[in-house]
Structure formats: C-alpha cells, structure tokens
Amino acid sequence: MAEVYKNLIDGQWVESSSGEVYENRNPANWDEVIGIFQKSTREDVEAAVEAAQRAYRKWRLLPAPKRAEIIFKAAQMLVERKEDFARDETREMGKILPETRGDVQEAIDMSFFIAGEGRRLYGFTTPSELPLKFQMSIRIPMGVAAIITPWNFPMAIPSWKIIPALVAGNTVVFKPATDTPLSAYNFVKVLVEAGVPAGVVNLVTGSGAVVGESLITHPYVKVISFTGSSEVGKHIGSKGASLFKKVSLEMGGKNAQIVMDDANLELAVDGATWGGFGTTGQRCTATSRVIVHKKVYKKFLDMYVERVKKLRVGNGLDPNTDVGPLINESQLNKVLSYIEIGKSEGAKLLIGGHRLTGGEYDRGWFVAPTIFADVDPNMRIAQEEIFGPVVSVIPADSLEHAIEIANNSKYGLSSSIYTNDIKKAFIAIRDIYTGITYVNAPTIGAEVHLPFGGVNQTGNGHREGGHTVIDIFTEWKSVYIDFSGRLQRAQIDTDEIVKVE
Ligand code: UN1
C-alpha cells in the first residue's frame, strides 16, 4: 500500500476536510503509485491562511539573520538528503536522475544564497533637501504569501519562492502542482525539521480550481507568486489585480537558439540537443526553435539528426536513459497534437514524430525526440509553447534576420547565440528581447543568483533569482527623520536651506 501524505497546517500534519485523496503515479510506469495525497478544500485553504496570518505576527519580528539561520540549516539538510529526494523526484516527475539531482541542487543553491540575504536585505539612505533631516528607505515584509508551483522543477521552483518569502519575513501557504506533491512534501518537511515554526509554512495539496482559486482570492493573502502556463497566469494576474494583490508571474517560453555560420557546430549541436530534449523539453527555458544561418543549415541539420538519433528514451532511474517520459497523458496528447499540426502546416519532419510503444513504453508517456526542419517562423509550431521534445529548425539569411525571427514571439524568456564573432554576440545581447541570453551555451541552465524571468507574455515584470527576488516579497517603506526641532516643509522652505551654515 502506498503511503498517505497529509497537508501541513499550523504545524500539524492533517487530512483534508474533504476526506478525499488522490493517487500520484509514476509517468514512466503508471502501475506504480508513488503516494496518496490530500484533495484539499476551500476550508483547508482557509485554515492554512489563517494559521499563516497568525504566525506572521511573530515571524516578522524574528531578526532576519535568525530567520536565515533556519534556512541555512535547511540547506544543509537538503545536501544530506539530495540523493533520496532526487530519486523520489524522478519517480514522480520522470526526468532523469542527473537532472533531478540538479533540481534538488538548485534548491540547495537558492537556500544558501538567500540565507546570506538575511544579513543584507539592503535598503538605502540618501541626503535630504532640508538640513538636519535624515532619510532612508527600508524593506518591510508583506504578510501571507501564496505560492503556486509547476511540476517540471518540483523542488527548485518552490525554493525560488518560499525561501526568499521566509527570509524577508513573510509566512507561506504553498500549493504544489498535483503531479508532483511528494517533492513538495519533502521540501516542506525539511523546513519544519530545520526549525521553521508552526504556521510559518503551510502545505495544501489539490487542484488549481479549488485550492489555487481559494488561495489567490483570500483577503489575507498579500502576495502571489506563480509559475506555470500563461493561460493560468493571466487568470491569476487579473484576479489578483482586481483584489489589489502583488502578483509575480513566471510563464511560457518559445526560446530560440541562433546558430551563425562561424559557430562551432559541434558545440551548437550539443546545445540544441541538451536545450531541446533535456527534461524531455518540459522547461519554460527549453530550446524549441533553432534558427540556423543558411550557409551551415544543411550541415547543422545532418549533425543534429545524427546526435538526436542516439538519445535513449526511457525510465529516468535507468542510468542509460537520456530522455524520460512526459509528465502525464494530457501532456502526451498535447505534444502529439502539435506534431500533427507541424505536419499539416508543411514543416519537414526529420526524426521522431510519434509516441513510443512496446515493452516499458506501453506503461508510460513516452514520445520520440522530434525535429521539424524548414519551419516557417509564423507556423504554430514556431509560435506556440509545446512543452515537449519537439524542436523547430528555421533557416535565416543573416544575423539581423535571425534576431528578427527570434523576436517574433509572444514570449521572451530565454535565448542563445552560437558564434565565434564577438561583435555578433554583443549585437545579439543588445537586440534579442528576452530576460536571458546565453552566448555559446544552450537556452537552459540559469543559476540562482542572477535575475530569472522574461518579457512579453512570459512574465509581468518581476524577476526571481538574484537579489531581485527580494523585491517580490517586500514592500519599500521610506522613512524621514527630522532632527531640526522645527517644522521644515519639503519643496516649500527652499530659502531656509540657503540660510543654514
Ligand atoms: C523552468 O524551465 O521552468 O534555467 C525553470 C533553467 C533551470 C530552471 C528552469 N535552472 O533551465
């Protein structure tokens, strides 16, 4: 019998008021039940938000370096449990072990990095226009943060949000993706064992429609941080705006890798293979368009197909596997339907293009790595996020043309250029409109201490990662301290200034 996992509310592991549960199954082998999780209700969310609101009163007053010490301890515990957590993650999410180790590592990196922020959380001072007056701007925490996360980075992405929220002095109600609740449980359990007090972090599993919706609309929730589809993000953004909540959204991508005629083609193929098919293409940073200079187009395609042919698809726990399954049946159907769309649009299918069947494949959601060539930049497969192992290759006449194609997107998360010409690299950095640009590296692989996020419909102006994430979870308060002993009027008593020695 699979283990039953509970919600965490006010420091207690509790069942949902619904009395209902759901099964979490392995996408590489759906006979395997990973665990049984709570199908939570509005009442559960209310209890969690109220607990977080109560806990906030004390947590915000604990000095930030002390809050950070707890996070530092959690980071050390994550290091100790990395291997077990990676295995759990591969079983529930499907991506290969080296990648799930990387996912846990990203949570470790974020925790150590933001634990350091506990002794910074910098504000600033600035001179006054009036004499004998001091002024500064400081950061203040906000209250209860609602954290809603996707299944593709089930420990890293929650850490990007929960850790800075806590160090900044907020309390948290966390709703993880229904497909990956075990990694959420593992992460939260570490926080509790590291010493995060009761009510400061609450975990409520269940659907977006019930749990997510009641969370984002709750009056006590001050800030919402969401990563997921642009469709859901649009809903959360507009709902949050109508309720005057701060909302940070991190959504889709249609990331392009440009390959110039002077590029190291071996390296460019490495990049397009890892960027396109790592995580089975299920990253918001995944390379889903490769824009290749016409002079090397044919050669690049030959080399790319040869390389992708060698990718071994299978269970992510098998050390021989390069590419795991898709997360669930609906993603499988979505990817297969985009492959049909590509064919009917007239793109040239070079490799893959079908579901894998036979043997272990029949028990999971496996699709062959797929490359379309001769893709027109306006085709749907070049415009819409597929979130699977499907790459569209597009020819370009020049650097300017390649950049124009790269920018022809409603998204704008990541991008990359392969070139050995420093001028071309800097022009690409200047002119590609995305939140991230790589030079001679794939579109995936952001590190936690740089701002992470995108332009256009990828985001709404916030940046996770880096010190910039602190802006999401704090408000600025400007403080003016007049020590002149008299009334001084800003903008009015301008002559007074002249009189002062
Ligand atoms: C995502 O794609 O949803 O930069 C997050 C990367 C990872 C994070 C990806 N560090 O590819």
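Whatever order the structure lists ligands and atoms in, that order sets their numbers, starting from 1. What you are looking at is a predicted structure, and each value in this text was computed from that prediction instead of being measured.
For residues 408-435, the set of pairs meeting the ring pair (Phe, Tyr, Trp, His ring centres under 6.0 Å) definition, not counting sequence neighbours, is empty.
Contacts of ligand 1 (protein heavy-atom distance under 4.0 Å) are Glu106, Asn152, Phe153, Ile157, Trp160, Arg283, Cys284, Thr285, Ile444, Gly445, Ala446, Phe452.
Remark: Arg283 qualifies as a cation-pi partner of Trp274 under the 6.0 Å distance and 45° angle criteria applied to the six-membered ring. Taking the centre and axis of the six-membered ring of Phe226, the NZ or CZ atom of Lys161 falls outside the cone set by 45° and 6.0 Å.
Heavy atoms from other residues, nucleotides or ligands lying under 6.0 Å from CZ of Arg120 number more than 12.
Contacts of Thr100 classified as side-chain hydrogen bond (donor to acceptor under 3.5 Å, both in side chains), with partners at least two apart in sequence or in another chain: Thr90. Ala441 is linked by a side chain to side chain contact (heavy atoms under 4.5 Å, CB included) to Tyr438, counting only residues two or more places apart in sequence or in another chain.
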